[in-house]
There are 2 protein chains.
Amino acid sequence: MSAARTYVHPDTEDISLPRVLFALSEPLRLEMVRKLAERGEMDSLDLGPDLPRSTLTHHTSLLRESGVVFVRAEGRKCMISLREQDLESRFSGLVETVLSGYESDADQGHDDRAGGER
Amino acid sequence: MSAARTYVHPDTEDISLPRVLFALSEPLRLEMVRKLAERGEMDSLDLGPDLPRSTLTHHTSLLRESGVVFVRAEGRKCMISLREQDLESRFSGLVETVLSGYESDADQGHDDRAGGER
DNA sequence: ATAATAGTTCGAAGATTCTCGAAAGATCAA
DNA sequence: TTGATCTTTCGAGAATCTTCGAACTATTAT
């Protein structure tokens, strides 16, 4: 037996902006979202091939709970897709804007503390 | 004597998207940014009239260090403004997009956990 | 100089987050 | 049913965040 794997998602109208921004504020998750936007639905393993499984689940769950991605079980795999339309209808232009300002993978590991007095 | 109050700001090119998103992911700070976008430069006290001073300083410092706002001392006060142009040149459309998807002050205190199975 | 008013720094407590191993659950193939 | 493969849950440790009082610094007015 065993109940098939199901996933709870917030309704579109319940997606909260601060939560979405928080979800996107983590480099690992932002990178996941970038991949999803680029390639469409993906197997969760392809989203983070090098991550421990439990870490992967943690991040995909957070993305799902914040309304950023839709998750469905397919066999033993876990297929993940961006909720582009839902996000667009709720926060028009947000995903596109965020991703366009994000140069792939490089540029990580900021030190800050930099900057002048102006 | 005593060195006048000065504030360190990251250079425009060093503003990091994840950090900006994180700064905006806190409802209190997002509300501050909304006010700044609406009214322009503001006295820090007007940004959070009900907050303890140290809490206010904490949030304004985080916004400054992440490159979202510019801070300058004016007498004993602390004037804060959005770095609109810098943000625009770095992440075109981001601030406008975020704020347009944010309905002022209401709509806070989400419960989540809601949502169906889809 | 003294008092009053702002803002900053420091330290601490509590809450969240992140990471990840171990154990358990779900699916598929023999 | 057994084994292989994926995912999820649980728990714990480390790191970060948030909040805020107390003490301190800076600036202005008297």
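Chain letters run A, B, ... following the sequence lines, proteins first and then strands; every chain starts at 1. Just so you know, these numbers come straight off a predicted model, no measurement behind them.
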Visitor: Among D/dT18, D/dA4, C/dT8, find the nucleotide with the atom closest to the side chain of A/R76.
Guide: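 So the nucleotide nearest the side chain must be D/dA4.
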
Visitor: Calculate the interatomic distance between B/L24 atom CG and D/dC17 atom P; express it in whole Å.
Guide: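 It works out to 15 Å between those atoms.
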
Visitor: What is the distance, rounded to the nearest whole Å, between atom CG of B/D43 and atom P of D/dT27?
Guide: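 It is 16 Å, rounded to the nearest whole Å.
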
Visitor: Under 4.0 Å: is that the gap between some side-chain N or O of B/Y7 and OP1 or OP2 of C/dG7?
Guide: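 No, outside the criterion.
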
Visitor: Give the rounded distance in Å between these two atoms: CG of A/L62 and P of D/dT16.
Guide: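 The distance from CG of A/L62 to P of D/dT16 comes to 18 Å, rounded to the nearest Å.
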
Visitor: State which of D/dT7, D/dA26, C/dC18 makes the closest approach to the side chain of B/R5.
Guide: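 The answer is D/dA26, which lies nearest to the side chain.
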
Visitor: Using a cut-off of 4.0 Å on non-hydrogen atoms, how would the nucleic acid contact of B/S61 be classed: base, sugar-phosphate, or nothing?
Guide: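 Touches nothing.
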
Visitor: For the salt bridge (Lys or Arg N to Asp or Glu O under 4.0 Å) test, which of B/R72, B/R83, B/K35 pairs with B/E41?
Guide: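 So the option named by the test is B/R72.
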
Visitor: Round to a whole Å and report the spacing from CZ of B/R64 to P of C/dG7.
Guide: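 Going from B/R64 (CZ) to C/dG7 (P), I get 14 Å.
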
Visitor: Considering only C/dT8, D/dC6, C/dT17, which nucleotide approaches the side chain of B/C78 most closely?
Guide: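 It is C/dT8.
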
Visitor: Does B/H58 reach a base, just sugar-phosphate, or nothing at all? Heavy atoms under 4.0 Å.
Guide: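 The answer is base, as B/H58 lies within the cut-off (heavy atoms under 4.0 Å) of a base atom.
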
Visitor: At under 4.0 Å, does any side-chain N or O of A/R29 touch on OP1 or OP2 of C/dC18?
Guide: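 Yes, such a contact exists.
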
Visitor: When the nearest nucleotide of DNA chain D is assigned to A/T57 and to B/S54 on a heavy-atom basis, which residue is associated with the more 5' position?
Guide: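 Nearer the 5' end of the strand: A/T57.
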
Visitor: Of the nucleotides D/dT7, D/dT19, C/dC20, which one has an atom closest to the side chain of A/L45?
Guide: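 Of the options given, the side chain of A/L45 lies nearest D/dT7.
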
Visitor: Check every atom of D/dT18, D/dT7, C/dA6 against the side chain of B/R53 and return the nucleotide holding the closest atom.
Guide: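 Looking only at heavy atoms from C-beta outward on B/R53, the closest nucleotide is C/dA6.
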
Visitor: In whole angstrom, give the distance that lies between atom CZ of B/R72 and atom P of C/dG7.
Guide: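 The distance from CZ of B/R72 to P of C/dG7 comes to 13 Å, rounded to the nearest Å.
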
Visitor: What integer distance in Å separates B/L28:CG from D/dC17:P?
Guide: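 Distance check: B/L28 CG to D/dC17 P gives 16 Å.
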
